[in-house]
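Notes for the one structure printed next.
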Number of protein chains: 2
Amino acid sequence: MPDPMYRQIAEDLRQKIESGDLGHGDQLPTELELREQYDASRNTVRDAMKWLITRGLIETRPGQGTFVVGKIDPYVTILTGDPAKGGDEEGPVYVKGLRELGQGGQRMPTSSAPRVEIQKAGGAGAEELQVGSGTTVVSRHQQRYIDDTPWSLQTSFYPIALAAQGAGKLLEVDNINQGAVEYLRQEIGLKQAGYRDTITVRAPNTGEAAFFKLPDDGRVAVFEVRRTAFDDHGKPFRLTVSVYPTDRNQFAVDVGEVPPQPVTPEPKPSG
Amino acid sequence: MPDPMYRQIAEDLRQKIESGDLGHGDQLPTELELREQYDASRNTVRDAMKWLITRGLIETRPGQGTFVVGKIDPYVTILTGDPAKGGDEEGPVYVKGLRELGQGGQRMPTSSAPRVEIQKAGGAGAEELQVGSGTTVVSRHQQRYIDDTPWSLQTSFYPIALAAQGAGKLLEVDNINQGAVEYLRQEIGLKQAGYRDTITVRAPNTGEAAFFKLPDDGRVAVFEVRRTAFDDHGKPFRLTVSVYPTDRNQFAVDVGEVPPQPVTPEPKPSG
DNA sequence: GGGTATTTGTCCGTATGTATT
DNA sequence: AAATACATACGGACAAATACC
């Protein structure tokens with residue numbers, strides 16, 4: 001038995017897109033035109049559209065039409081940095097296409113002023129800090145941009161004890177210019193000996209979808225990177241949770257000796 | 001203006017799920033029952049279902065009903081290993097829940113015999129090897145399992161010159177027991193000085209969806225990890241492309257000194 | 001194994017609302 | 001204001017998968 005009709009229509013359009021017959025940004029025929037081309041009802045054509053939308057191949061714009069999605073030059077974040085520094089907190093970001101900048105395509109992210117909150121460490125967020133439930137932590141939440149486009153949402157958690165020990169800037173609603181890790185080293189001699197990142201993918205919540213301007217049908221997932229930082233006694237003192245849309249970000253991990261070239265050419269989905 | 005009706009229905013059901021009113025694996029009312037509860041048409045109820053399905057909250061089973069998705073203990077792959085070894089090719093994998101094994105929750109993946117092909121390095125896959133277009137490469141493709149469940153699809157590319165220089169096993173349809181990286185070191189003195197991983201997320205192709213038994217509506221994306229390995233002259237000699245479903249996998253990256261504990265343990269009574 | 005009821009999947013038609021040009 | 005195009009919502013019909021007797 002053949003596939004359902006909406007799948008056949010979707011596969012036919014997919015083939016047209018991947019063969020280059022329909023290029024990035026091109027407009028598809030309207031739903032009514034497709035209804036005639038494939039001799040199906042408009043609802044069936046729309047089912048095919050939804051199948052293609054889920055796969056990120058097309059997008060619809062009410063009042064305008066349906067379009068092949070444009071290609072995005074992904075941002076590349078290198079997760080392996082100097083353990084004595086923050087890591088991705090102030091690190092550079094590379095752009096794969098490197099069209100706009102002559103060489104290297106390096107960018108610096110900018111951050112909003114942090115929203116600082118004092119919270120109880122419930123089961124909700126900060127198990128990695130290994131403080132008991134009910135202990136007080138400081139959370140510092142920031143919105144991060146590259147070239148004025150939303151790039152990531154980031155929240156760092158610190159035990160309140162650090163502020164009491166002299167790191168008062170943790171409680172201030174200002175960016176810490178030299179970076180929080182360097183500040184903690186200077187101020188109270190806390191050395192970051194290493195960190196562990198865990199990388200997961202999930203659907204965005206409503207706030208994230210709004211900030212990143214993601215379509216509200218939830219088809220674009222987000223990376224969640226949780227960085228637990230340890231001092232030289234192996235004790236965790238910082239948890240940073242960063243969220244990035246998966247459609248315009250990728251990560252790089254360097255182990256051992258790796259030549260300096262910033263990134264490798266793009267991967268391609270195989271048929 | 002209020003949200004569309006299908007969104008209101010979806011949000012109401014989402015709240016019931018996230019509040020625990022409906023637990024993992026529980027069955028939802030049938031579409032006809034929901035149609036009466038919300039005084040909507042069956043198609044509108046189904047639109048609400050689709051919204052929840054896209055977000056991974058529920059799943060439908062034809063002939064049975066609609067269910068809250070069960071919780072999955074994710075596999076954790078550590079990307080930062082010994083640069084002189086393969087990395088994740090033979091490395092252990094950790095399971096977060098660690099319920100089934102007493103301690104640590106460590107698992108070893110098993111691999112199918114490789115499918116070995118000789119290919120021209122076209123634009124398709126292996127730009128990272130920095131061989132000219134038209135150069136011949138060996139590809140070794142494997143299916144990898146953990147506890148007999150499909151875990152990843154992996155393809156490694158090597159310049160054909162390595163086989164000519166004495167590493168003949170690269171052309172054989174057998175697993176290389178000691179690992180390809182160790183084999184290349186022993187046989188032709190090729191030392192892996194380091195590697196770079198790039199991590200992206202994309203929709204699965206049909207073969208991947210079939211192997212991983214992913215729903216064919218494409219809502220579950222896959223990780224694509226591309227590992228380029230370099231010798232001690234900084235020359236790439238291996239590209240390994242691994243694909244993992246995002247719904248049951250996560251990655252860890254260790255930088256600097258990180259305490260040994262494999263993953264963040266769930267708070268458990270010591271007994 | 002067969003038959004039947006239940007439940008979701010596909011497909012159709014139509015009407016009306018909303019966003020854009 | 002009008003035309004166009006997609007979004008939402010309704011209704012109905014039949015098919016396919018599953019469970020149960």
Side-chain angles (χ1 to χ4, degrees), chain A residues 1-13 22 25-70 209-210 213-219, chain B residues 1-14 22 25-70 209-210 213-220:
Chain A
M1 287 293 285
D3 279 346
M5 188 185 303
Y6 80 95
R7 278 291 298 269
Q8 295 182 37
I9 297 173
E11 292 288 357
D12 188 65
L13 289 170
L22 287 165
D26 283 4
Q27 182 166 8
L28 273 69
T30 68
E31 292 177 349
L32 293 182
E33 287 168 339
L34 291 171
R35 171 180 150 275
E36 294 184 0
Q37 281 185 30
Y38 291 103
D39 195 30
S41 80
R42 185 176 159 235
N43 280 329
T44 302
V45 168
R46 280 177 62 76
D47 284 343
M49 300 294 200
K50 285 174 192 163
W51 193 88
L52 293 166
I53 288 172
T54 305
R55 283 159 182 73
L57 292 173
I58 65 172
E59 65 184 345
T60 55
R61 302 177 203 154
Q64 285 186 265
T66 307
F67 300 83
V68 181
V69 296
K213 297 183 176 55
L214 299 179
D216 69 346
D217 56 9
R219 68 177 185 269
Chain B
M1 288 290 284
D3 277 348
M5 188 185 302
Y6 80 95
R7 277 292 297 270
Q8 295 182 38
I9 298 173
E11 293 287 357
D12 188 65
L13 290 170
R14 187 173 72 90
L22 287 164
D26 284 4
Q27 181 165 10
L28 274 69
T30 68
E31 292 176 351
L32 294 182
E33 288 168 338
L34 291 172
R35 170 179 149 275
E36 294 184 0
Q37 282 185 30
Y38 292 104
D39 194 30
S41 78
R42 184 178 161 230
N43 279 327
T44 301
V45 169
R46 282 176 61 75
D47 282 344
M49 300 294 200
K50 285 173 191 163
W51 194 87
L52 294 166
I53 288 173
T54 305
R55 282 157 184 74
L57 293 173
I58 66 173
E59 64 184 344
T60 54
R61 301 177 203 154
Q64 282 187 267
T66 307
F67 300 83
V68 181
V69 296
K213 297 182 177 52
L214 300 179
D216 71 345
D217 57 8
R219 68 175 184 272
V220 178

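Numbered from 1 within each chain, the chains take letters A, B, ... in sequence-line order.
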Atom-pair distance ([atom1] on [X]; [atom2] on [N]), nearest Å:
X	N	atom1	atom2	result
M49(A)	dT8(D)	CE	C1'	16 Å
W51(B)	dA9(D)	CH2	P	14 Å
I58(B)	dT8(C)	CD1	P	10 Å
F67(B)	dA19(D)	CZ	C1'	11 Å
Q8(A)	dC11(C)	CD	P	8 Å
I9(B)	dT8(D)	CD1	P	13 Å
E31(A)	dA5(D)	CD	C1'	7 Å
D47(A)	dG13(C)	CG	C1'	14 Å

statement: Those residues at least two apart in sequence (or on a different chain) that pass side-chain contact (heavy atoms from CB on, under 4.5 Å) with Q27(A) are F67(A)
query: With distance as the sole criterion, do the side chain of R42(A) and the base of dA5(D) form a donor-acceptor contact below 3.5 Å?
result: no
- prompt: Can you find a donor-acceptor pair, distance only, under 3.5 Å between R61(B) side chain and dG9(C) base?
  reply: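 Counting by modelled atom types and ignoring angles, no donor-acceptor contact under 3.5 Å is found here.
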- prompt: Rounded to the nearest 0.5 Å, how far apart are CZ of R42(B) and CG of L34(B)?
  reply: 11.5 Å
Considering just the side-chain nitrogens and oxygens of [X], establish if one lies under 4.0 Å of OP1 or OP2 belonging to [N].
X	N	result
Q64(B)	dA17(D)	no
T66(A)	dA5(D)	no
S41(B)	dC10(D)	yes

message: Pair L13(B), L52(B) - check side chain to side chain contact (heavy atoms under 4.5 Å, CB included), show working.
response: CA-CA 8 Å; L13(B) 290 170; L52(B) 294 166; 3.8 Å; yes
task: For M5(A), answer base if it contacts any base atom (sugar-phosphate contacts may also be present), sugar-phosphate if it contacts only those atoms, and nothing otherwise; contact means non-hydrogen atoms under 4.0 Å.
output: sugar-phosphate
- prompt: So what does T60(B) touch, heavy atoms closer than 4.0 Å: a base, only the sugar-phosphate, or nothing?
  reply: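 If one applies the 4.0 Å heavy-atom cut-off, T60(B) turns out to touch the sugar-phosphate alone, with no base involved.
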Residue [X], side-chain heavy atoms: nucleotide from [options] that is nearest:
X	options	answer
R46(A)	dA7(D), dC11(C), dT8(C)	dA7(D)
Y6(B)	dC10(D), dT8(D), dA7(D)	dT8(D)
T30(B)	dT8(C), dC12(C), dC10(D)	dT8(C)

message: Here's a test of your reading of the structure: between R35(B) and P62(B), which maps to the more 5' nucleotide of DNA chain D?
response: R35(B)
- line: Taking for D39(B) and for L28(A) the nucleotide of DNA chain D with the nearest heavy atom, the one nearer the 5' end belongs to L28(A)
- request: Output yes when R7(A) and E11(A) qualify as a salt bridge under the 4.0 Å nitrogen-oxygen rule, no when they do not.
  value: yes
Taking every non-hydrogen atom, the tightest pair across M5(B) and A40(B):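 What the structure gives for the nearest pair is SD-CB, 3.6 Å.
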task: For side chain to side chain contact (heavy atoms under 4.5 Å, CB included), just list the numbers for T44(A) and Y38(A), CA-CA rounded to whole Å, side-chain angles, deciding distance to a tenth of an Å, and then say yes or no.
output: CA-CA 10 Å; T44(A) 302; Y38(A) 291 103; over 6 Å; no
- line: Closest to the 5' end of DNA chain C, once I53(B) and G63(A) are matched to their nearest nucleotides, is I53(B)
- request: Under a 3.5 Å limit for both distances, which nucleotide forms a Watson-Crick or G-U wobble pair with dT7(C), could you say?
  value: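 The answer is dA16(D), by the H-bond criterion.
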